[in-house]
A.B. asks: 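Structure below; questions to follow.
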Protein chains: 2
Amino acid sequence: MAGTKASTAAEARDQDRRKTILRAAVEVFARKGYHGCRIADVAREAGVAYGLVYHYFKNKEELLQLVFETGWGGFMSRIRDAAEASAPLEQKIHRIAQVAFEAYRIDPRGVRVLVLEFARSPSTGEANRRTAFAEVLGVITRMFERARARGELRAGLEPALCAAMLFGSVEMSLTGFVMGLLDPRDSGLLAHAQEQLTSLFLDGARATPEDGRWKKDRSGPRLKPVRRS
Amino acid sequence: MAGTKASTAAEARDQDRRKTILRAAVEVFARKGYHGCRIADVAREAGVAYGLVYHYFKNKEELLQLVFETGWGGFMSRIRDAAEASAPLEQKIHRIAQVAFEAYRIDPRGVRVLVLEFARSPSTGEANRRTAFAEVLGVITRMFERARARGELRAGLEPALCAAMLFGSVEMSLTGFVMGLLDPRDSGLLAHAQEQLTSLFLDGARATPEDGRWKKDRSGPRLKPVRRS
DNA sequence: TCCGGCGCTGACTTTCGAGTCAACGAGGGG
DNA sequence: CCCCTCGTTGACTCGAAAGTCAGCGCCGGA
(Lines give C-alpha, C1' and ligand atoms only; values in the text may rest on other atoms or scores of the structure.)
Protein backbone atom coordinates (compact mmCIF):
# COMPACT_ATOMS: atom_id res chain seq x y z
CA MET A 1 0.00 0.00 0.00
CA ALA A 2 1.31 3.37 -0.97
CA GLY A 3 -0.27 5.01 2.01
CA THR A 4 1.36 2.59 4.39
CA LYS A 5 4.69 2.88 2.68
CA ALA A 6 4.54 6.65 2.74
CA SER A 7 3.59 6.78 6.39
CA THR A 8 6.34 4.32 7.19
CA ALA A 9 8.85 6.45 5.34
CA ALA A 10 7.56 9.50 7.15
CA GLU A 11 7.84 7.76 10.46
CA ALA A 12 11.37 6.72 9.62
CA ARG A 13 12.25 10.33 8.87
CA ASP A 14 10.65 11.34 12.13
CA GLN A 15 12.77 8.85 14.00
CA ASP A 16 15.88 10.13 12.27
CA ARG A 17 15.08 13.65 13.35
CA ARG A 18 14.45 12.53 16.88
CA LYS A 19 17.75 10.72 16.97
CA THR A 20 19.58 13.69 15.53
CA ILE A 21 18.21 15.92 18.25
CA LEU A 22 18.83 13.33 20.92
CA ARG A 23 22.43 12.95 19.84
CA ALA A 24 22.86 16.70 19.78
CA ALA A 25 21.49 16.81 23.31
CA VAL A 26 24.05 14.24 24.48
CA GLU A 27 26.75 16.29 22.82
CA VAL A 28 25.75 19.59 24.40
CA PHE A 29 25.03 17.97 27.71
CA ALA A 30 28.45 16.33 27.74
CA ARG A 31 30.17 19.55 26.77
CA LYS A 32 28.35 22.07 28.93
CA GLY A 33 26.80 20.05 31.72
CA TYR A 34 23.30 20.27 33.02
CA HIS A 35 23.37 23.98 33.73
CA GLY A 36 24.87 24.99 30.45
CA CYS A 37 22.57 22.81 28.42
CA ARG A 38 20.09 25.18 26.76
CA ILE A 39 17.51 24.11 24.26
CA ALA A 40 18.86 26.77 21.93
CA ASP A 41 22.27 25.06 22.01
CA VAL A 42 20.78 21.66 21.33
CA ALA A 43 18.83 23.04 18.37
CA ARG A 44 21.94 24.72 16.96
CA GLU A 45 24.00 21.57 17.47
CA ALA A 46 21.36 19.51 15.70
CA GLY A 47 21.08 22.11 12.95
CA VAL A 48 17.35 22.61 13.42
CA ALA A 49 15.13 25.44 14.55
CA TYR A 50 14.52 26.10 18.20
CA GLY A 51 10.84 25.31 17.95
CA LEU A 52 11.41 21.94 16.33
CA VAL A 53 12.83 20.53 19.51
CA TYR A 54 9.40 21.08 21.02
CA HIS A 55 7.81 19.38 18.06
CA TYR A 56 9.62 16.16 18.91
CA PHE A 57 9.87 16.44 22.68
CA LYS A 58 7.37 17.69 25.17
CA ASN A 59 9.90 19.82 27.02
CA LYS A 60 13.47 20.02 28.21
CA GLU A 61 12.74 17.65 31.04
CA GLU A 62 11.55 14.91 28.72
CA LEU A 63 14.47 15.41 26.36
CA LEU A 64 17.10 15.07 29.06
CA GLN A 65 15.17 12.23 30.61
CA LEU A 66 15.36 10.39 27.31
CA VAL A 67 19.05 11.12 26.92
CA PHE A 68 19.56 9.54 30.28
CA GLU A 69 17.27 6.55 29.79
CA THR A 70 18.83 5.67 26.47
CA GLY A 71 22.35 5.68 27.82
CA TRP A 72 21.56 4.18 31.16
CA GLY A 73 19.30 1.52 29.73
CA GLY A 74 22.05 0.23 27.46
CA PHE A 75 24.61 0.25 30.23
CA MET A 76 22.20 -1.33 32.68
CA SER A 77 21.23 -4.20 30.44
CA ARG A 78 24.86 -5.12 29.86
CA ILE A 79 25.56 -4.97 33.56
CA ARG A 80 22.51 -7.11 34.20
CA ASP A 81 23.64 -9.67 31.61
CA ALA A 82 27.00 -9.83 33.29
CA ALA A 83 25.63 -10.07 36.82
CA GLU A 84 22.99 -12.65 36.05
CA ALA A 85 25.06 -14.96 33.90
CA SER A 86 25.71 -18.43 35.23
CA ALA A 87 29.43 -18.16 35.71
CA PRO A 88 31.82 -17.96 38.64
CA LEU A 89 31.85 -14.72 40.60
CA GLU A 90 35.28 -13.94 39.30
CA GLN A 91 34.07 -13.96 35.70
CA LYS A 92 31.03 -11.87 36.46
CA ILE A 93 33.07 -9.18 38.14
CA HIS A 94 35.48 -9.21 35.28
CA ARG A 95 32.63 -8.78 32.83
CA ILE A 96 31.15 -5.90 34.80
CA ALA A 97 34.48 -4.12 34.71
CA GLN A 98 34.74 -4.90 31.02
CA VAL A 99 31.30 -3.47 30.26
CA ALA A 100 32.19 -0.24 32.01
CA PHE A 101 35.62 0.36 30.52
CA GLU A 102 34.51 -0.80 27.09
CA ALA A 103 31.69 1.72 27.22
CA TYR A 104 34.23 4.41 27.99
CA ARG A 105 36.50 3.33 25.16
CA ILE A 106 33.65 3.39 22.64
CA ASP A 107 31.80 6.47 23.79
CA PRO A 108 33.63 8.59 26.34
CA ARG A 109 31.16 11.39 25.84
CA GLY A 110 28.17 9.25 26.66
CA VAL A 111 29.90 7.88 29.74
CA ARG A 112 30.76 11.40 30.73
CA VAL A 113 27.10 12.31 30.70
CA LEU A 114 26.12 9.27 32.73
CA VAL A 115 28.93 9.44 35.24
CA LEU A 116 29.35 13.14 35.77
CA GLU A 117 26.05 14.71 34.94
CA PHE A 118 23.34 12.26 35.77
CA ALA A 119 25.06 10.45 38.55
CA ARG A 120 25.68 13.73 40.28
CA SER A 121 23.04 16.22 39.40
CA PRO A 122 19.36 16.45 40.02
CA SER A 123 17.59 16.06 36.71
CA THR A 124 14.06 15.05 37.53
CA GLY A 125 14.52 16.14 41.04
CA GLU A 126 16.08 13.12 42.57
CA ALA A 127 13.81 10.26 41.63
CA ASN A 128 15.76 9.39 38.53
CA ARG A 129 19.13 9.07 39.99
CA ARG A 130 17.80 7.27 42.99
CA THR A 131 16.05 4.74 40.80
CA ALA A 132 19.10 4.28 38.63
CA PHE A 133 21.42 3.67 41.55
CA ALA A 134 18.89 1.45 43.26
CA GLU A 135 18.67 -0.56 40.06
CA VAL A 136 22.39 -1.25 39.61
CA LEU A 137 23.05 -1.74 43.27
CA GLY A 138 20.08 -4.10 43.45
CA VAL A 139 21.26 -6.21 40.54
CA ILE A 140 24.79 -6.40 41.86
CA THR A 141 23.63 -7.06 45.40
CA ARG A 142 21.65 -10.06 44.16
CA MET A 143 24.71 -11.27 42.33
CA PHE A 144 26.65 -11.23 45.58
CA GLU A 145 23.82 -12.89 47.46
CA ARG A 146 23.88 -15.77 45.01
CA ALA A 147 27.64 -15.91 45.23
CA ARG A 148 27.40 -16.10 48.99
CA ALA A 149 24.87 -18.91 48.78
CA ARG A 150 27.28 -20.81 46.57
CA GLY A 151 30.16 -20.20 48.92
CA GLU A 152 32.04 -17.97 46.49
CA LEU A 153 32.01 -15.00 48.84
CA ARG A 154 34.27 -14.68 51.83
CA ALA A 155 32.41 -15.08 55.10
CA GLY A 156 31.10 -11.99 56.87
CA LEU A 157 30.73 -9.80 53.82
CA GLU A 158 27.41 -8.01 53.41
CA PRO A 159 26.27 -8.33 49.77
CA ALA A 160 24.75 -4.84 49.64
CA LEU A 161 28.02 -3.30 50.79
CA CYS A 162 29.99 -5.42 48.34
CA ALA A 163 27.74 -4.09 45.62
CA ALA A 164 28.29 -0.49 46.68
CA MET A 165 32.03 -1.04 46.79
CA LEU A 166 32.21 -2.75 43.42
CA PHE A 167 30.05 -0.23 41.64
CA GLY A 168 31.75 2.64 43.44
CA SER A 169 35.15 1.37 42.30
CA VAL A 170 33.95 1.18 38.73
CA GLU A 171 32.28 4.56 38.81
CA MET A 172 35.17 6.42 40.41
CA SER A 173 37.67 4.86 38.04
CA LEU A 174 35.56 6.01 35.12
CA THR A 175 35.27 9.42 36.73
CA GLY A 176 39.04 9.55 36.92
CA PHE A 177 39.33 8.84 33.22
CA VAL A 178 36.53 11.17 32.23
CA MET A 179 38.01 14.02 34.25
CA GLY A 180 41.46 13.42 32.93
CA LEU A 181 42.83 12.55 36.37
CA LEU A 182 43.70 9.15 35.00
CA ASP A 183 45.17 9.16 31.54
CA PRO A 184 43.95 6.28 29.37
CA ARG A 185 47.05 6.57 27.18
CA ASP A 186 49.45 6.06 30.05
CA SER A 187 50.87 2.64 29.38
CA GLY A 188 47.48 1.16 28.54
CA LEU A 189 46.08 2.18 31.87
CA LEU A 190 42.57 1.71 30.53
CA ALA A 191 43.22 -1.89 29.60
CA HIS A 192 45.03 -2.46 32.87
CA ALA A 193 42.15 -0.96 34.81
CA GLN A 194 39.65 -3.70 34.23
CA GLU A 195 42.16 -6.39 35.14
CA GLN A 196 43.24 -4.62 38.28
CA LEU A 197 39.71 -3.86 39.31
CA THR A 198 38.79 -7.53 39.16
CA SER A 199 41.97 -8.62 40.81
CA LEU A 200 41.90 -6.10 43.64
CA PHE A 201 38.26 -6.66 44.34
CA LEU A 202 38.68 -10.41 44.54
CA ASP A 203 42.03 -10.71 46.25
CA GLY A 204 42.62 -7.37 47.93
CA ALA A 205 45.43 -4.86 47.97
CA ARG A 206 47.48 -6.45 50.70
CA ALA A 207 50.92 -7.66 49.77
CA THR A 208 51.13 -11.44 49.58
CA PRO A 209 53.93 -13.32 51.28
CA GLU A 210 55.78 -13.71 48.01
CA ASP A 211 55.64 -9.95 47.37
CA GLY A 212 58.03 -8.95 50.10
CA ARG A 213 60.57 -10.29 52.47
CA TRP A 214 58.27 -10.53 55.47
CA LYS A 215 55.72 -13.21 55.90
CA LYS A 216 52.33 -11.65 56.40
CA ASP A 217 49.84 -13.38 58.57
CA ARG A 218 46.28 -12.31 57.94
CA SER A 219 45.10 -13.11 61.40
CA GLY A 220 48.23 -11.78 63.00
CA PRO A 221 48.67 -8.61 65.03
CA ARG A 222 47.02 -5.57 63.46
CA LEU A 223 49.85 -3.24 64.30
CA LYS A 224 53.09 -3.84 62.60
CA PRO A 225 55.95 -1.41 63.16
CA VAL A 226 56.84 0.40 59.99
CA ARG A 227 59.92 2.46 59.45
CA ARG A 228 59.28 6.06 58.48
CA SER A 229 60.78 7.04 55.17
CA MET B 1 40.55 49.96 74.22
CA ALA B 2 36.84 50.52 73.95
CA GLY B 3 37.04 51.03 70.21
CA THR B 4 38.82 47.77 69.70
CA LYS B 5 36.50 45.94 72.03
CA ALA B 6 33.46 47.31 70.25
CA SER B 7 34.78 46.49 66.83
CA THR B 8 35.71 43.02 68.03
CA ALA B 9 32.22 42.48 69.38
CA ALA B 10 30.78 43.76 66.12
CA GLU B 11 33.01 41.43 64.17
CA ALA B 12 31.93 38.55 66.35
CA ARG B 13 28.28 39.38 65.66
CA ASP B 14 29.10 39.57 61.99
CA GLN B 15 30.67 36.16 62.09
CA ASP B 16 27.63 34.77 63.88
CA ARG B 17 25.36 36.10 61.19
CA ARG B 18 27.59 34.71 58.50
CA LYS B 19 27.55 31.32 60.14
CA THR B 20 23.79 31.40 60.56
CA ILE B 21 23.33 32.08 56.86
CA LEU B 22 25.95 29.53 55.91
CA ARG B 23 24.25 26.87 58.00
CA ALA B 24 20.90 27.76 56.49
CA ALA B 25 22.47 27.40 53.06
CA VAL B 26 23.73 23.91 53.89
CA GLU B 27 20.26 23.03 55.12
CA VAL B 28 18.44 24.26 52.04
CA PHE B 29 21.09 22.89 49.73
CA ALA B 30 20.84 19.48 51.33
CA ARG B 31 17.06 19.51 51.22
CA LYS B 32 16.43 20.93 47.77
CA GLY B 33 19.65 20.42 45.85
CA TYR B 34 21.35 22.95 43.68
CA HIS B 35 18.33 23.72 41.52
CA GLY B 36 15.93 24.18 44.36
CA CYS B 37 18.35 26.28 46.36
CA ARG B 38 17.11 29.85 46.00
CA ILE B 39 18.56 32.73 47.91
CA ALA B 40 15.03 33.48 49.10
CA ASP B 41 14.87 30.03 50.71
CA VAL B 42 18.21 30.47 52.40
CA ALA B 43 17.14 33.84 53.77
CA ARG B 44 13.87 32.41 55.08
CA GLU B 45 15.66 29.44 56.61
CA ALA B 46 18.14 31.75 58.31
CA GLY B 47 15.33 34.06 59.43
CA VAL B 48 16.80 37.13 57.77
CA ALA B 49 15.80 39.41 54.94
CA TYR B 50 16.57 38.52 51.35
CA GLY B 51 18.92 41.42 50.89
CA LEU B 52 20.99 40.61 53.95
CA VAL B 53 22.41 37.55 52.29
CA TYR B 54 24.02 39.90 49.79
CA HIS B 55 25.39 42.00 52.63
CA TYR B 56 27.42 39.04 53.86
CA PHE B 57 28.13 37.24 50.61
CA LYS B 58 29.02 38.63 47.23
CA ASN B 59 26.56 36.42 45.40
CA LYS B 60 25.02 32.98 45.25
CA GLU B 61 28.15 31.59 43.69
CA GLU B 62 30.32 32.68 46.60
CA LEU B 63 27.83 31.44 49.17
CA LEU B 64 27.61 27.95 47.73
CA GLN B 65 31.32 27.91 47.11
CA LEU B 66 31.84 28.58 50.80
CA VAL B 67 29.34 25.90 51.80
CA PHE B 68 31.32 23.46 49.73
CA GLU B 69 34.77 24.56 50.82
CA THR B 70 33.88 24.45 54.48
CA GLY B 71 32.56 20.93 54.32
CA TRP B 72 35.10 19.60 51.90
CA GLY B 73 38.00 21.25 53.67
CA GLY B 74 37.15 19.51 56.93
CA PHE B 75 36.67 16.18 55.27
CA MET B 76 39.82 16.56 53.21
CA SER B 77 42.05 17.43 56.13
CA ARG B 78 40.91 14.37 58.04
CA ILE B 79 41.49 12.19 55.02
CA ARG B 80 44.92 13.74 54.59
CA ASP B 81 45.78 13.11 58.23
CA ALA B 82 44.77 9.49 57.82
CA ALA B 83 46.60 8.99 54.54
CA GLU B 84 49.81 10.68 55.60
CA ALA B 85 50.14 9.18 59.04
CA SER B 86 53.06 6.90 59.64
CA ALA B 87 51.20 3.68 60.15
CA PRO B 88 50.72 0.45 58.25
CA LEU B 89 48.56 0.61 55.14
CA GLU B 90 45.90 -1.40 56.88
CA GLN B 91 45.49 1.19 59.59
CA LYS B 92 45.43 4.07 57.16
CA ILE B 93 42.68 2.50 55.11
CA HIS B 94 40.74 1.78 58.24
CA ARG B 95 41.06 5.38 59.31
CA ILE B 96 39.94 6.67 55.94
CA ALA B 97 36.82 4.54 56.16
CA GLN B 98 36.32 5.70 59.71
CA VAL B 99 36.57 9.36 58.77
CA ALA B 100 33.94 8.91 56.10
CA PHE B 101 31.37 6.92 58.06
CA GLU B 102 31.92 8.99 61.17
CA ALA B 103 31.22 12.11 59.15
CA TYR B 104 27.98 10.56 58.00
CA ARG B 105 27.00 9.58 61.51
CA ILE B 106 27.64 13.07 62.84
CA ASP B 107 26.29 15.13 59.99
CA PRO B 108 24.34 13.19 57.37
CA ARG B 109 23.08 16.42 55.86
CA GLY B 110 26.55 17.81 55.34
CA VAL B 111 27.69 14.55 53.79
CA ARG B 112 24.65 14.59 51.61
CA VAL B 113 25.67 17.94 50.20
CA LEU B 114 29.21 16.83 49.56
CA VAL B 115 28.34 13.46 48.11
CA LEU B 116 25.23 14.24 46.13
CA GLU B 117 25.24 17.91 45.32
CA PHE B 118 28.89 18.75 45.18
CA ALA B 119 28.90 22.45 44.56
CA ARG B 120 27.94 22.79 40.98
CA SER B 121 27.57 26.18 39.50
CA PRO B 122 27.60 27.24 35.89
CA SER B 123 31.13 28.55 35.69
CA THR B 124 33.30 27.31 38.52
CA GLY B 125 31.36 24.25 39.61
CA GLU B 126 33.08 21.92 37.22
CA ALA B 127 36.51 23.21 38.11
CA ASN B 128 35.67 22.86 41.76
CA ARG B 129 34.67 19.29 41.64
CA ARG B 130 37.59 18.47 39.44
CA THR B 131 39.97 20.06 41.89
CA ALA B 132 38.32 18.34 44.81
CA PHE B 133 38.50 14.90 43.24
CA ALA B 134 42.04 15.51 42.06
CA GLU B 135 42.93 16.46 45.61
CA VAL B 136 41.60 13.35 47.35
CA LEU B 137 42.71 11.01 44.64
CA GLY B 138 46.14 12.62 44.69
CA VAL B 139 46.53 12.24 48.43
CA ILE B 140 45.36 8.65 48.39
CA THR B 141 47.47 7.82 45.34
CA ARG B 142 50.54 9.04 47.19
CA MET B 143 49.58 6.90 50.14
CA PHE B 144 49.54 3.85 47.90
CA GLU B 145 52.79 4.83 46.25
CA ARG B 146 54.47 4.93 49.63
CA ALA B 147 52.86 1.63 50.55
CA ARG B 148 54.18 0.11 47.37
CA ALA B 149 57.67 1.38 48.08
CA ARG B 150 57.48 -0.24 51.48
CA GLY B 151 56.26 -3.51 50.01
CA GLU B 152 52.84 -3.26 51.62
CA LEU B 153 51.02 -3.28 48.31
CA ARG B 154 50.48 -6.41 46.27
CA ALA B 155 52.61 -6.45 43.12
CA GLY B 156 51.15 -5.14 39.89
CA LEU B 157 48.68 -2.74 41.39
CA GLU B 158 48.67 0.78 40.03
CA PRO B 159 48.47 3.26 42.95
CA ALA B 160 46.25 5.71 41.07
CA LEU B 161 43.72 3.00 40.33
CA CYS B 162 43.85 1.76 43.90
CA ALA B 163 43.06 5.28 44.99
CA ALA B 164 40.10 5.54 42.64
CA MET B 165 38.79 2.20 43.85
CA LEU B 166 39.19 2.99 47.51
CA PHE B 167 37.63 6.41 47.31
CA GLY B 168 34.94 5.13 44.98
CA SER B 169 34.05 2.41 47.47
CA VAL B 170 33.79 4.94 50.25
CA GLU B 171 31.80 7.40 48.21
CA MET B 172 29.30 4.91 46.82
CA SER B 173 28.74 3.36 50.23
CA LEU B 174 27.98 6.80 51.62
CA THR B 175 25.74 7.46 48.66
CA GLY B 176 23.87 4.28 49.48
CA PHE B 177 23.30 5.45 53.02
CA VAL B 178 22.42 9.00 52.05
CA MET B 179 19.90 7.80 49.49
CA GLY B 180 18.38 5.30 51.83
CA LEU B 181 19.40 2.36 49.67
CA LEU B 182 21.43 1.13 52.58
CA ASP B 183 19.74 1.45 55.93
CA PRO B 184 22.12 2.48 58.71
CA ARG B 185 19.77 0.99 61.30
CA ASP B 186 19.84 -2.46 59.75
CA SER B 187 21.81 -4.47 62.25
CA GLY B 188 24.43 -1.77 62.68
CA LEU B 189 25.21 -1.75 59.00
CA LEU B 190 26.91 1.60 59.37
CA ALA B 191 29.33 0.28 61.95
CA HIS B 192 29.85 -2.87 59.93
CA ALA B 193 30.52 -0.85 56.80
CA GLN B 194 33.83 0.59 57.83
CA GLU B 195 35.14 -2.79 58.96
CA GLN B 196 34.01 -4.51 55.80
CA LEU B 197 35.38 -1.77 53.60
CA THR B 198 38.82 -2.15 55.11
CA SER B 199 38.68 -5.90 55.08
CA LEU B 200 37.39 -6.27 51.54
CA PHE B 201 39.81 -3.74 50.18
CA LEU B 202 42.78 -5.41 51.80
CA ASP B 203 41.89 -9.05 51.40
CA GLY B 204 39.30 -9.20 48.68
CA ALA B 205 35.88 -10.72 48.30
CA ARG B 206 36.98 -14.17 47.25
CA ALA B 207 36.09 -17.02 49.54
CA THR B 208 39.07 -18.31 51.47
CA PRO B 209 39.79 -22.02 51.70
CA GLU B 210 38.30 -22.23 55.16
CA ASP B 211 35.05 -20.63 53.96
CA GLY B 212 33.86 -23.56 51.92
CA ARG B 213 34.39 -27.21 51.35
CA TRP B 214 36.58 -26.83 48.28
CA LYS B 215 40.13 -25.71 48.47
CA LYS B 216 40.55 -22.56 46.43
CA ASP B 217 43.86 -21.91 44.81
CA ARG B 218 44.44 -18.33 43.85
CA SER B 219 46.75 -19.12 40.99
CA GLY B 220 44.62 -22.01 39.86
CA PRO B 221 42.45 -22.25 36.76
CA ARG B 222 40.30 -19.19 36.19
CA LEU B 223 37.21 -21.12 35.22
CA LYS B 224 35.71 -23.30 37.84
CA PRO B 225 32.54 -25.20 37.09
CA VAL B 226 29.68 -23.93 39.18
CA ARG B 227 26.39 -25.67 39.56
CA ARG B 228 23.41 -23.62 38.45
CA SER B 229 20.85 -23.11 41.11
C1' DT C 1 1.06 24.57 -13.09
C1' DC C 2 -1.66 25.26 -9.13
C1' DC C 3 -3.21 23.88 -4.54
C1' DG C 4 -3.25 22.33 0.14
C1' DG C 5 -1.19 20.27 4.11
C1' DC C 6 2.26 19.98 7.31
C1' DG C 7 7.03 19.93 8.79
C1' DC C 8 9.42 23.59 10.15
C1' DT C 9 10.72 28.31 11.58
C1' DG C 10 12.17 31.87 14.97
C1' DA C 11 10.33 36.03 17.07
C1' DC C 12 7.49 36.73 20.88
C1' DT C 13 5.52 35.90 25.55
C1' DT C 14 5.97 34.26 30.01
C1' DT C 15 8.17 32.87 34.00
C1' DC C 16 11.37 33.02 37.44
C1' DG C 17 14.99 34.15 40.32
C1' DA C 18 19.46 36.73 40.98
C1' DG C 19 21.01 40.92 42.36
C1' DT C 20 19.99 46.22 43.58
C1' DC C 21 18.87 50.06 46.32
C1' DA C 22 16.22 53.57 48.64
C1' DA C 23 14.47 53.87 52.90
C1' DC C 24 13.61 52.34 57.74
C1' DG C 25 14.61 52.07 62.66
C1' DA C 26 17.36 50.45 66.64
C1' DG C 27 20.75 52.02 69.54
C1' DG C 28 24.69 54.45 70.87
C1' DG C 29 27.21 58.75 71.32
C1' DG C 30 27.00 63.69 71.94
C1' DC D 1 16.71 63.85 74.34
C1' DC D 2 17.96 64.11 69.65
C1' DC D 3 20.43 62.76 65.75
C1' DC D 4 23.30 59.98 62.99
C1' DT D 5 25.13 55.70 61.61
C1' DC D 6 24.74 51.44 59.79
C1' DG D 7 22.77 46.87 59.89
C1' DT D 8 18.68 45.51 57.91
C1' DT D 9 14.64 45.29 54.97
C1' DG D 10 11.90 43.70 50.85
C1' DA D 11 9.85 45.66 46.62
C1' DC D 12 11.74 46.36 42.29
C1' DT D 13 14.67 45.77 38.08
C1' DC D 14 16.71 43.12 34.78
C1' DG D 15 18.26 39.29 32.13
C1' DA D 16 18.01 34.71 30.77
C1' DA D 17 15.92 30.81 29.16
C1' DA D 18 11.73 27.88 28.68
C1' DG D 19 7.91 27.30 26.01
C1' DT D 20 4.23 29.18 22.27
C1' DC D 21 2.29 30.09 17.88
C1' DA D 22 1.14 32.34 13.60
C1' DG D 23 2.78 31.89 9.36
C1' DC D 24 6.13 30.32 5.62
C1' DG D 25 7.65 27.35 2.04
C1' DC D 26 8.59 22.66 0.48
C1' DC D 27 6.67 18.80 -1.69
C1' DG D 28 3.40 15.60 -3.42
C1' DG D 29 -0.77 15.09 -5.81
C1' DA D 30 -4.35 16.71 -9.03
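Just so it is clear, the structure is predicted and the values come from calculations on it, not from any experiment. Each chain gets a letter, A, B and so on, in the order its sequence line appears, and its residues count up from 1.
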A.B. asks: Expressed as a whole number of angstroms, how long is the span from B/L52:CG to C/dC21:P?
C.D. replies: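 In whole Å, C/dC21 P lies 17 Å from B/L52 CG.
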
A.B. asks: Measuring from A/L63:CG to A/L22:CG, what's the distance to the nearest 0.5 Å?
C.D. replies: 6.5 Å

A.B. asks: Would you mind reading off the distance between A/E61 atom CD and D/dA17 atom C1', rounded to a whole angstrom?
C.D. replies: 15 Å

A.B. asks: Within this structure, what is the CZ-to-P distance between B/R38 and C/dT15, rounded to whole angstrom?
C.D. replies: 16 Å

A.B. asks: In whole angstrom, what separates A/R18's CZ from C/dC8's P?
C.D. replies: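 These atoms are roughly 13 Å apart.
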
A.B. asks: Ring centroid separation for A/F201 and A/F167, is it under 6.0 angstrom?
C.D. replies: no

A.B. asks: Under 4.0 Å between a Lys/Arg side-chain N and an Asp/Glu carboxylate O for A/E102 and A/R105?
C.D. replies: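 Yes, A/E102 and A/R105 are salt-bridged.
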
A.B. asks: Send over the distance from A/L63 CG to D/dG19 C1', rounded to a whole Å.
C.D. replies: 13 Å

A.B. asks: Describe the nucleic acid contact of B/Y56 in one word from base, sugar-phosphate, nothing, applying a heavy-atom distance below 4.0 Å.
C.D. replies: sugar-phosphate

A.B. asks: With a 4.0 Å limit, can you tell me whether B/Y54 has a side-chain N or O closer than that to the phosphate oxygens OP1/OP2 of C/dG19?
C.D. replies: yes

A.B. asks: May I ask you to say what B/I39 touches in the nucleic acid, namely base, sugar-phosphate or nothing, with a heavy-atom cut-off under 4.0 Å?
C.D. replies: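 Sugar-phosphate contact only.
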
A.B. asks: Rounding to a whole Å, what distance do you find between B/K58:NZ and C/dG19:P?
C.D. replies: 9 Å

A.B. asks: When you check the gap from the basic side-chain N to the acidic O, do B/D16 and B/K19 get nearer than 4.0 Å?
C.D. replies: no

A.B. asks: Return the value, rounded to whole Å, for the distance between atom CZ of A/R44 and atom C1' of D/dA17.
C.D. replies: 13 Å

A.B. asks: Tell me which of A/G51 and A/H55 sits closer to the 5' end of DNA chain C, going by the nucleotide each one is nearest to.
C.D. replies: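 With A/G51 and A/H55 compared, the 5'-side residue is A/H55.
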
A.B. asks: Send over the distance from B/K60 NZ to C/dA18 P, rounded to a whole Å.
C.D. replies: 4 Å

A.B. asks: Does a side-chain N or O of A/Y50 approach OP1 or OP2 of D/dA18 to a distance below 4.0 Å, or not?
C.D. replies: yes

